[in-house]
Amino acid sequence: MLGLFLISLFLQQPGGKWIQEHEIHGTFQWETLARQIVFLGDSDGDQHSEVLVASPGADLGIPFPLGKVRIFSGATQQILSEITSLDFSNASALGINSRRVGDMDQDGIEDFACRTLYDVQPASSVIVFSGADFSTITRIFSPIGVTAFASRGLEGNLDLSRDGIPDLVISDDAYSGTLDHQGAVFAYDSTTWQPLWVAEGSLAWLRMGQSLACIHDVNGDGYNDVLTSSSYAGSEGSVHALSGKDGSEIYRIDGIPGWVNLGIFGIATIPDITGDGVEDFVTNMSPPYWLTYQFGFLNIYSGADGTLIHQIQGEVPDSGYPTSPTNIGDIDQDGYEDIATSAILQQTPGDGSGVVYVYSGRDWQVLARIPGPPKQSKLFGLALSGGEDVTGDGRVNLGIGDKSAFHQGIIAAGAAYIYSFEPFLRASAKQVSASSGGQVDFDLQFPLEEAGKEYRMLVSTDLPGSIVLGKMEIPLEHNPLTWAVAHNPPNWFTGSRGTLDANAHATATAVFPANKFTSHVGTTLKFVALTMRPIRKPDRSSAAVYVEIVP
């Protein structure tokens with residue numbers, strides 16, 4: 001029964017289409033290519049983001065060390081730079097943790113940082129690289145008593161010292177200073193590379209620093225702040241908001257009894273959705289690992305005080321959901337930044353493992369379920385990136401890494417994938433005035449195999465939910481407006497049904513007369529386009545577009 005449930009999930013995809021644009025594979029056993037995949041932004045002005053792909057287990061032609069990081073051109077997919085552990089003394093497994101960290105050298109181009117390991121003290125280091133020419137800006141070695149420096153937490157992009165330059169934050173959940181495995185978070189000034197502050201866990205085996213994120217000022221003191229997590233083995237776990245000024249705790253969120261590991265599989269900040277002017281954030285809440293048939297949750301919290309705003313339950317039990325929650329930017333272009341996370345243990349058709357889920361930042365509905373490629377995927381979605389345009393079409397892309405992927409029989413060669421999203425439907429405006437009226441033009445562009453098919457457009461108010469018809473999921477909730485437009489299109493909505501031309505293209509127009517929709521001010525309408533099979537059953541759905549009626 002469960003198997004049938006899984007298959008139905010993969011076949012029921014919300015509207016639009018996810019297109020795999022690029023695929024990169026490792027070539028050595030245990031190379032673990034794409035242990036990290038990072039969109040670096042456009043460093044050379046060609047309107048394509050560059051892409052960092054880390055291979056911490058890459059064979060360098062000698063028994064030790066291992067590891068390299070490659071920077072690929074988004075425009076040509078050619079390697080712009082290859083940096084290896086051999087380029088540095090006492091370095092191995094280069095890139096095992098890699099992050100974009102902001103413009104630290106103030107040359108107008110954002111920089112990035114990579115973790116290295118070694119078998120003697122200091123056991124690890126973080127190297128900061130120029131995003132412009134990939135040269136080394138600085139190298140920070142782990143302090144004494146630190147054993148997992150930057151293993152779980154390495155972040156930048158936000159200024160903590162109020163000098164206008166982003167600073168670097170590194171965590172070590174195994175740090176033992178005054179207490180065994182208390183954990184710690186280290187903040188470094190990017191102008192001197194000296195510590196701004198160190199926040200240590202208050203209890204032995206607290207393991208503070210199991211995840212890390214920088215967030216804009218949550219307590220109104222003028223300093224940007226830091227989020228981290230802690231967890232005893234098997235405990236509920238906690239998320240800590242730390243002051244960017246001095247590392248002191250602003251507030252703490254404790255996990256819910258019966259659930260474990262709150263926050264340890266990643267924290268991602270999102271724009272303010274509560275209206276209090278403070279960024280919010282998402283993180284994981286996992287089921288106890290000793291119980292079976294349990295579902296994980298993606299939790300959305302207020303950044304201001306840690307109040308739980310919303311929860312999303314995983315769709316499949318015991319699937320590793322949610323891992324690596326990541327803000328991927330406005331992937332569907334509805335004005336809201338979206339979130340991706342993964343269920344890295346979820347089985348997929350073709351003996352693969354790993355499914356990436358994408359959620360709308362507007363209403364937290366599923367935008368995509370992307371399964372790992374058949375046969376080769378093993379931990380598909382362990383690494384995620386987004387928020388940048390790699391393909392050069394003006395829309396952000398999604399990067400997915402699977403460090404354990406097989407390739408041509410090679411164990412854990414690893415693989416990196418880049419996806420784009422094609423919504424099939426676009427609107428010329430996102431708002432229309434009720435008092436003065438207005439016109440919204442819709443452009444329908446489906447895949448060529450849909451040419452000549454009948455199409456229909458549906459409308460609903462902006463309610464969460466979807467309609468599932470057989471193997472298709474239509475991203476709107478059925479209401480009286482949906483029924484009325486489907487069966488008797490209003491005269492203000494022309495072209496709402498017809499036939500796609502030879503290029504699978506059509507247009508429609510909604511004309512809102514002045515003063516006719518004044519009672520609907522504040523309402524947002526949701527539009528979807530469908531193609532129809534000859535028996536007039538829906539065949540393919542677009543993504544939804546939104547038009548808000550304003551005064």
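Just so it is clear, the values below take in all heavy atoms, side chains as well, and ignore hydrogens, waters and symmetry mates.
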Give the ring-plane orientation class for Phe297 versus Trp259, where under 30° counts as parallel, over 60° as perpendicular and anything between as tilted. perpendicular

d(Ser151 OG, Asn97 CG) to nearest 0.5 Å is 7.0 Å

If we ignore angles and hydrogens, is there a donor and acceptor under 3.5 Å between the side chains of Glu21 and Thr391?
no

Taking the six-membered ring of Phe446, is NZ or CZ of Arg540 closer than 6.0 Å to its centre and within 45° of its axis? no

* To do: Scan side-chain atoms only and decide if Asp338 and Tyr336 contain a donor-acceptor pair under the 3.5 Å cut-off.
  => no

In this structure, CZ of Phe421 is separated from CD1 of Ile370 (nearest 0.5 Å) by 9.5 Å

- Examine distances only and state if a side-chain atom of Thr531 and a backbone atom of Tyr455 form a donor-acceptor pair shorter than 3.5 Å. no

query = Under a 4.0 Å N-O cut-off, is there an ion pair linking Arg426 with Asp443?
reply = no

Note to self: Side chains of Gln210 and Ser229 only: does a donor on one sit below 3.5 Å from an acceptor on the other?
What the structure shows: no

Paired with Val101, the side-chain contact (heavy atoms from CB on, under 4.5 Å) test is passed by just one of Leu168, Val126, Val169, Asp167, namely Leu168

Between Ser230 and His240, the two heavy atoms sitting closest are OG-NE2, 2.7 Å

- prompt: Does the side chain of Val226 come within less than 4.5 Å of Leu212's, by heavy atoms?
  reply: yes

- Query: Is any side-chain heavy atom of Ser98 less than 4.5 Å from a side-chain heavy atom of Cys114?
  - Reply: yes

So OG of Ser420 and CD1 of Ile331: to nearest 0.5 Å the spacing works out to 8.0 Å

Correct closest heavy-atom pair for Arg362 and Asp334 would be NH2-O, 3.3 Å

Any Leu262 side-chain heavy atom under 4.5 Å of Thr283 side chain
yes

- Could you give me the CA-CA distance, side-chain angles and deciding distance for Phe380 and Thr348, then say whether side-chain contact (heavy atoms from CB on, under 4.5 Å) is met? CA-CA 10 Å; Phe380 184 75; Thr348 64; over 6 Å; no

Margin query: Determine whether a donor-acceptor pair (N or O, by modelled atom type, separation under 3.5 Å) exists between the side chain of Ser171 and the backbone of Gly153.
Written below: yes

Distance col, row Asp280:CG vs Ile300:CD1, nearest 0.5 angstrom, shows 10.0 Å

Non-hydrogen side-chain atoms of Phe88 and Ile127 separated by less than 4.5 Å:
yes

Taking Gly381's backbone N and O only, do any of them form a donor-acceptor pair with Ser342's side chain (distance below 3.5 Å, no angle check)? yes

Q) Are any side-chain N or O atoms of Asp172 and backbone N or O atoms of Thr147, one a donor and one an acceptor, separated by less than 3.5 Å? A) yes

Rounding to 0.5 Å, atoms OH (Tyr417) and CD1 (Ile400) come to a distance of 9.0 Å

Practice task
Answer yes or no: is there a donor N or O on one side and an acceptor on the other, between the side chain of Ser92 and the main chain of Leu66, under 3.5 Å?
Solution key: yes

Closest non-hydrogen contact found for Gly386 with Phe39 is CA-CD1, 3.6 Å

query: Which of parallel (below 30°), tilted (30 to 60°) and perpendicular (above 60°) describes Phe186 and Tyr188?
result: parallel

Between Phe424 and Ser541 the two heavy atoms that sit nearest each other are CD1-O, 3.6 Å

Taken in chain and number order and not counting sequence neighbours, the residues that satisfy ring-ring contact (aromatic ring centres under 6.0 Å, His included) with His407 are His25

Determine whether a donor-acceptor pair (N or O, by modelled atom type, separation under 3.5 Å) exists between the side chain of Thr32 and the backbone of Arg35.
no

Using atom types as modelled and distance alone, determine if a side-chain donor or acceptor of Ser211 lies under 3.5 Å from a backbone N or O of Phe265.
no

Sequence neighbours excluded, the answer for salt bridge (Lys or Arg N to Asp or Glu O under 4.0 Å) partners of Arg70 is Glu31

| Counting heavy atoms not belonging to Trp193, are there more than 12 under 6.0 Å from its CH2? | yes

Exercise. State whether the side chain of Thr84 and the backbone N or O of Leu86 hold a donor-acceptor pair below 3.5 Å, judged by distance alone.
Key: yes

*Take Asp389 and Gln47 through the test side-chain contact (heavy atoms from CB on, under 4.5 Å) and record every step on the way to the result.*
CA-CA 8 Å; Asp389 177 12; Gln47 310 305 310; 5.8 Å; no

What verdict does the side-chain contact (heavy atoms from CB on, under 4.5 Å) test give for Ile71 and Phe134, after you've listed the backbone C-alpha separation in whole Å, the side-chain angles of each residue and the deciding distance to 0.1 Å?
CA-CA 9 Å; Ile71 314 299; Phe134 316 122; 3.9 Å; yes

Residues passing the salt bridge (Lys or Arg N to Asp or Glu O under 4.0 Å) test with Lys403, sequence neighbours excluded, are none

**OP:** Answer yes or no: is there a donor N or O on one side and an acceptor on the other, between the side chain of His48 and the main chain of Val390, under 3.5 Å?
**Re:** yes

Are the side chains of Ile270 and Ile339 in contact, using a 4.5 Å heavy-atom criterion?
yes

State, yes or no, whether a side-chain contact exists between Leu52 and Ile37 at a heavy-atom distance under 4.5 Å.
-> no

Sorted by chain and residue number, the salt bridge (Lys or Arg N to Asp or Glu O under 4.0 Å) partners of Arg152 (sequence neighbours excluded) come out as none

For residues 105-115, the side chain to side chain donor-acceptor pair (under 3.5 Å) pairs (sequence neighbours left out) are Arg100-Glu110

Donor-acceptor under 3.5 Å (Ser377 side chain, Ser353 main chain) | yes

Looking only at side-chain N and O atoms, does Asn397 offer a donor or acceptor that is under 3.5 Å from a partner on Arg395?
no

- Between Thr116 and Pro56, is any pair of side-chain heavy atoms under 4.5 Å apart? no

On a heavy-atom basis, the closest approach of Pro166 and Ser190 is O-OG, 2.6 Å

Residues 316-333 vs side chain to side chain donor-acceptor pair (under 3.5 Å), sequence neighbours excluded, gives Tyr321-Tyr359, Asn327-Glu337

Heavy-atom nearest pair, Ala383 first then Ala34, reads CB-O, 3.8 Å

dist Ile109:CD1 -> Glu50:CD (nearest 0.5 Å) comes out at 9.0 Å

Please step through side-chain contact (heavy atoms from CB on, under 4.5 Å) for the pair Ile215 and Asn224, ending with a clear verdict. CA-CA 6 Å; Ile215 187 169; Asn224 294 317; over 6 Å; no

(Q) Using ring pair (Phe, Tyr, Trp, His ring centres under 6.0 Å), reason through Phe64 and Tyr118 one step at a time and then give a plain yes or no. (A) CA-CA 10 Å; Phe64 188 83; Tyr118 207 64; 5.7 Å; yes

If you measure from the Lys or Arg side-chain nitrogens to the Asp or Glu carboxylate oxygens, is any gap between Lys453 and Asp539 under 4.0 Å? yes

Exercise. Between the side chains of Ser360 and Gln365, does any donor sit under 3.5 Å from an acceptor?
Worked result: no

- Task: Examine the side chains of His505 and Gln445 and answer whether a donor and an acceptor come within less than 3.5 Å of each other.
- Result: no

Electrostatic pair Glu422-Lys17, nearest N-O below 4.0 angstrom:
no

query: Can you check whether Thr228 reaches Val239 side chain to side chain, under 4.5 Å on heavy atoms?
result: no

